[in-house]
*Asks:* 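The structure is given below, and queries will be raised subsequently.
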Amino acid sequence: MVQKIAIIGGGIVGSTAAYYLSQGEYANFEVSMFDEGIGQATKAAAGIISPWLSKRRNKKWFRLASDGAELVAKIAQETKMNDVAYANNGTIITRKNKESLDELYKIALEREKNNPQMGSVQYISKDEIKNLIPIIKNSPYDGLFVPGGSRIDGNLYCQHLLNIAMKRNLSIYKGKVKLINDNQILYKGKIFTFDKIILATGAWSKEILANLKINLNLRPQKGQLIELRIANNEFINKMPVMMPESEYDFIPVGREKLIIGATHDNDQGFDLKHEKSVDIALVKTANNLINNVKANDIILSKVGTRAYTDDFSPFLGMIPGHPSLFIGTGLGSSGLTTGPIVSKLIVDLIKNKKIDLNQYQKPISTYIN
């Protein structure tokens, strides 16, 4: 019997869910995606997949993020994703003083034992950083090189997976929807009925569930980044990404293109207005590493909204008391790393596979009232 599945939201959670529902016995599923496409964190994001040296004490989050990093690499390989959407070029993490760097190295050695994908982490000098990233003129600090680190373009990643799913069992509808009940969606004046509904609505999940009197522990965070054109550097997409201490992330991607960002603004709610003052701050960061970067070098600015819980942990699963509703949200700034595995776990639940969510999160009731 064919199950009719709805996915609300076409970001990293929604697109990866669509991909997994199009694999294997995909004829068992008829999948419809409803996507307004406004404010998605994914479509505004190009990020770094390198969670292993995080100092977060939340072991469940670390398990989710490290398994997520492994899964993203697997998806990229099995779908033949190009190196503009995803590339394993390594990650450089710098620190101002040697004591902090040594402390980070000890963490790396301990985590290498159970996370082989991160590779063998090595110290890297200021001069070696310049050799690996020739566009850098000023590298004030030494760092660590993480071979398993990667970078990802969220928008290209999503479109790549959606293109695969659309060839099999996915239909996409553009526009806003209203959730009427556990099985029905109102779209452009017409009611659609489904066996299961996946809410991949990020920071907007509170809004869409309000009609069902379901409240989430969730808040929005605004993020803005810039893309710069760096002339005469056609091999920029082969360079590693860098996470400089006290600076915004530095992501060489594509041809002659460099991404700086993204910001974290907790006070502007769902405001998606582009701010020129933020562009200026990001250009200043770029100039700390590269000479003569100007505002005129900005190709475009992107603004998106992330979803955060009070304890900064993602959550996923069936909404208690609503067996047809599934959700995955609260990804925060790790969304490009954790989003794909959140999606896969949701699809596994829909396919009635036995999985242990306790290894990845607190009980889902922690985040839902």
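All of these numbers come straight from a predicted model, not from anything done at the bench.
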*Asks:* Please confirm whether the backbone N or O of G202 pairs with a side-chain atom of T329, one donor and one acceptor, at under 3.5 Å?
*Replies:*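 Here the side-chain-to-backbone pair exists.
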*Asks:* Can you establish whether the number of heavy atoms outside K55 located under 6.0 Å from its atom NZ is more than 12?
*Replies:*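 Yes, enclosed.
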*Asks:* Is the shortest heavy-atom distance from the side chain of I92 to the side chain of M243 under 4.5 Å?
*Replies:*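 The answer is no, as the side chains (C-beta and beyond) never meet within the 4.5 Å cut-off.
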*Asks:* Judged by modelled atom types alone, do H274 and D279 share a side-chain donor-acceptor pair under 3.5 Å?
*Replies:*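 Short answer, yes.
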*Asks:* Kindly give the heavy-atom pair with the smallest separation between A65 and T337, and that separation in Å.
*Replies:*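 What the structure gives for the nearest pair is O-CG2, 3.3 Å.
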*Asks:* Looking only at side chains, do N58 and S313 share a donor and an acceptor under 3.5 Å apart?
*Replies:*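 Yes.
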*Asks:* Could you check whether atom NZ of K176 has more than 12 heavy atoms from other residues, nucleotides or ligands sitting under 6.0 Å from it?
*Replies:*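 12 or below, so no.
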*Asks:* Taking all non-hydrogen atoms of both residues, which atom of I251 and which atom of V241 are closest, and how far apart?
*Replies:*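 For I251 versus V241, the nearest heavy atoms are CG2-CG1, 3.6 Å.
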*Asks:* Got a sec, which hydrophobics cluster with L325, joining ILVMFWY side chains under 4.5 Å apart, including via others?
*Replies:*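 Grouped by the 4.5 Å side-chain rule, I8, F34, Y173, V177, L179, I185, Y187, F192, F194, I197, L199, I208, L209, L212, I214, L216, L218, F315, I319, I327, I364, Y367, I368 form the rest of the cluster around L325.
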*Asks:* Any chance you could lay out the salt bridge (charged side-chain N to carboxylate O under 4.0 Å, His left out) test for E103 and K98, step after step, and finish with the verdict?
*Replies:* CA-CA 8 Å; E103 180 185 355; K98 189 176 185 305; over 6 Å; no
*Asks:* Looking only at side-chain N and O atoms, does N97 offer a donor or acceptor that is under 3.5 Å from a partner on S100?
*Replies:*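 Yes.
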*Asks:* Do R151 and N88 get their side chains close enough for a donor-acceptor pair, meaning under 3.5 Å?
*Replies:*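 No pair is found: no donor N or O on one side chain lies under 3.5 Å from an acceptor on the other.
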*Asks:* Taking ILVMFWY side chains as joined if any heavy atoms are under 4.5 angstrom apart, and letting links pass through other members, which residues group with L186?
*Replies:*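 Members other than L186 - counting any ILVMFWY side chain reachable under 4.5 Å - are I180, I191.
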*Asks:* Under 3.5 Å, is there a donor-acceptor pair linking the side chains of S15 and Y157?
*Replies:*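 No, Y157 and S15 have no side-chain donor paired with an acceptor closer than 3.5 Å.
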*Asks:* Looking at L331, is its backbone amide N or carbonyl O close enough to the side chain of S334 to form a donor-acceptor pair, meaning the two atoms are under 3.5 Å apart?
*Replies:*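 Yes, because the side chain of S334 sits within donor-acceptor range (under 3.5 Å) of the backbone of L331.
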*Asks:* Please indicate whether R219 has more than 12 foreign heavy atoms, meaning atoms of other residues, nucleotides or ligands, lying under 6.0 Å from its CZ.
*Replies:*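 Result for CZ/R219: enclosed.
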*Asks:* Are the side chain of N115 and the backbone N or O of R111 linked by a donor-acceptor pair below 3.5 Å?
*Replies:*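 Confirmed, N115 side chain pairs with R111 backbone.
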*Asks:* Please give me the minimum heavy-atom distance between P244 and M242, naming the atom from each residue.
*Replies:*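 So the minimum-distance heavy-atom pair works out to CD-O, 3.3 Å.
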*Asks:* Which heavy atom of D182 sits nearest to which heavy atom of G321, and what is that distance?
*Replies:*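 Scanning both residues, the minimum pair turns out to be OD2-O, 4.4 Å.
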*Asks:* Evaluate the side-chain contact (heavy atoms from CB on, under 4.5 Å) criterion for residues I230 and K257: first the C-alpha distance (whole Å), next the side-chain angles of each, then the deciding distance (0.1 Å), finally the verdict.
*Replies:* CA-CA 6 Å; I230 306 298; K257 188 165 71 173; over 6 Å; no
*Asks:* If only side-chain N and O atoms count, and only distance matters, is there a donor-acceptor pair under 3.5 Å linking Q3 with D195?
*Replies:*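 Not at all, the side chains of D195 and Q3 share no donor-acceptor pair under 3.5 Å.
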*Asks:* Side chain to side chain donor-acceptor pair (under 3.5 Å), that's the test. Do N288 and E247 meet it? Break it down for me.
*Replies:* CA-CA 9 Å; N288 290 338; E247 302 282 3; 2.8 Å; yes
*Asks:* Which residues satisfy the ring pair (Phe, Tyr, Trp, His ring centres under 6.0 Å) test with Y20, sequence neighbours excluded?
*Replies:*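 Ring pair (Phe, Tyr, Trp, His ring centres under 6.0 Å) list for Y20, sorted by chain: empty.
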*Asks:* Any donor-acceptor pair under 3.5 Å linking the side chain of D297 with the backbone of K294?
*Replies:*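 Yes, because the side chain of D297 sits within donor-acceptor range (under 3.5 Å) of the backbone of K294.
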*Asks:* Show the nearest heavy-atom pair for residues E70 and Q117, with the distance to one decimal.
*Replies:*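 Closest approach of E70 to Q117: CA-OE1, 2.8 Å.
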*Asks:* Would you say K351 and E25 make side-chain contact, with heavy atoms under 4.5 Å?
*Replies:*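 The answer is no, as the side chains (C-beta and beyond) never meet within the 4.5 Å cut-off.
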*Asks:* Would I299 and L228 count as a side-chain contact (heavy atoms from CB on, under 4.5 Å) if you check the C-alpha gap in whole Å, the side-chain angles of each, and the deciding distance to 0.1 Å?
*Replies:* CA-CA 5 Å; I299 304 169; L228 297 168; 5.9 Å; no
*Asks:* Would a 4.5 Å heavy-atom cut-off, applied to side chains only, mark W204 and T305 as touching?
*Replies:*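 Answer yes - side chains close enough.
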*Asks:* In the hydrophobic cluster built from side-chain contacts under 4.5 Å, what are the other members alongside V84?
*Replies:*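 L156, listed by chain and number.
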*Asks:* Can you sort out the partners of K113 under salt bridge (Lys or Arg N to Asp or Glu O under 4.0 Å), two or more places apart, ordered by chain and number?
*Replies:*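 For K113 the salt bridge (Lys or Arg N to Asp or Glu O under 4.0 Å) partners, ignoring immediate neighbours, are E110.
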*Asks:* Do the side-chain N and O atoms of E245 and T94 include a donor-acceptor pair separated by under 3.5 angstrom?
*Replies:*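 There is no such pair (donor and acceptor under 3.5 Å, judged by atom type) between the side chains of E245 and T94.
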*Asks:* Between K302 and E227, is there a side-chain N and carboxylate O pair less than 4.0 Å apart?
*Replies:*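 Here K302 pairs with E227 in a salt bridge, since their nearest N and O are under 4.0 Å apart.
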*Asks:* For the residue pair S125 / D142, report whether a side-chain donor-acceptor contact shorter than 3.5 Å exists.
*Replies:*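 No.
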*Asks:* Pick out which of L316, V13, I12 makes a side chain to side chain contact (heavy atoms under 4.5 Å, CB included) with S343.
*Replies:*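 With S343 as partner, L316, V13, I12 yield a single side chain to side chain contact (heavy atoms under 4.5 Å, CB included), made by V13.
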*Asks:* Would S333 and Y308 count as having a side-chain donor-acceptor pair, cut-off 3.5 Å?
*Replies:*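 On atom types as modelled, these side chains qualify, holding a pair under 3.5 Å.
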*Asks:* Is any side-chain heavy atom of R95 closer than 4.5 Å to one of L144?
*Replies:*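 No, side chains not in contact.
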*Asks:* Under a 3.5 Å cutoff, is there a donor and acceptor pairing between the side chains of Q159 and N163?
*Replies:*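 On atom types as modelled, these side chains qualify, holding a pair under 3.5 Å.
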*Asks:* When you look at Y360 and I341, which way does the side-chain contact (heavy atoms from CB on, under 4.5 Å) test go after all the steps?
*Replies:* CA-CA 10 Å; Y360 295 123; I341 191 165; 4.0 Å; yes
*Asks:* Let's go through Q122 and S120 carefully: what are the C-alpha distance in whole Å and the side-chain angles of both, what is the deciding distance for side chain to side chain donor-acceptor pair (under 3.5 Å) to 0.1 Å, and is it a yes or a no?
*Replies:* CA-CA 6 Å; Q122 302 293 329; S120 180; 2.9 Å; yes
*Asks:* Do the non-hydrogen side-chain atoms of F250 and I136 ever get within less than 4.5 Å of each other?
*Replies:*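 F250 vs I136: side chains touch.
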*Asks:* Taking the side chain as C-beta and beyond, is there a heavy-atom pair between F145 and P240 under 4.5 Å?
*Replies:*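 Contact flag for F145/P240 side chains = yes.
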*Asks:* With heavy-atom distances below 4.5 Å as the criterion, would you say the side chains of N89 and M239 are in contact?
*Replies:*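 Not touching, per the 4.5 Å side-chain cut-off.
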*Asks:* Could you give the distance from CD (Q23) to CZ (R168), rounded to the nearest 0.5 Å?
*Replies:*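 Atom-to-atom, Q23:CD and R168:CZ are 4.5 Å apart.
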*Asks:* Under a 4.5 Å cut-off applied to non-hydrogen side-chain atoms, are L345 and I355 in contact?
*Replies:*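 They are in contact (side-chain heavy atoms under 4.5 Å apart), so the answer is yes.
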*Asks:* For the backbone of F326 and the side chain of K196, can you confirm whether one donor and one acceptor N or O come within less than 3.5 Å of each other?
*Replies:*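 No.
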*Asks:* Using side chain to side chain donor-acceptor pair (under 3.5 Å), reason through T309 and N217 one step at a time and then give a plain yes or no.
*Replies:* CA-CA 6 Å; T309 58; N217 166 5; 5.3 Å; no
*Asks:* Testing the basics here: between P314 and T338, what is the closest heavy-atom pair and its distance to 0.1 Å?
*Replies:*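 Looks like CG-OG1, 4.3 Å.
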*Asks:* Verify side chain to side chain donor-acceptor pair (under 3.5 Å) between N181 and Q184, making sure each step is shown before the conclusion.
*Replies:* CA-CA 5 Å; N181 55 45; Q184 292 184 313; 2.9 Å; yes
*Asks:* Mind checking whether W52 and F62 have ring centres under 6.0 Å apart?
*Replies:*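 No: the rings miss the under 6.0 Å criterion.
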*Asks:* When you look at K222 and D265, which way does the salt bridge (charged side-chain N to carboxylate O under 4.0 Å, His left out) test go after all the steps?
*Replies:* CA-CA 5 Å; K222 182 178 180 179; D265 194 328; over 6 Å; no
*Asks:* Apply salt bridge (charged side-chain N to carboxylate O under 4.0 Å, His left out) to the pair K354 and D348, showing each step before the final yes or no.
*Replies:* CA-CA 8 Å; K354 291 183 178 181; D348 285 346; over 6 Å; no
*Asks:* Could you tell me whether a side-chain N or O of N169 sits under 3.5 Å from a main-chain N or O of L21, the two making a donor and an acceptor?
*Replies:*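 Present.
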*Asks:* Could you tell me whether a side-chain N or O of H160 sits under 3.5 Å from a main-chain N or O of T79, the two making a donor and an acceptor?
*Replies:*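 Checked: pair present.
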*Asks:* Using the salt bridge (Lys or Arg N to Asp or Glu O under 4.0 Å) criterion, which residues pair with D310? Sequence neighbours excluded.
*Replies:*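 Listed in chain order: nothing, the list is empty.
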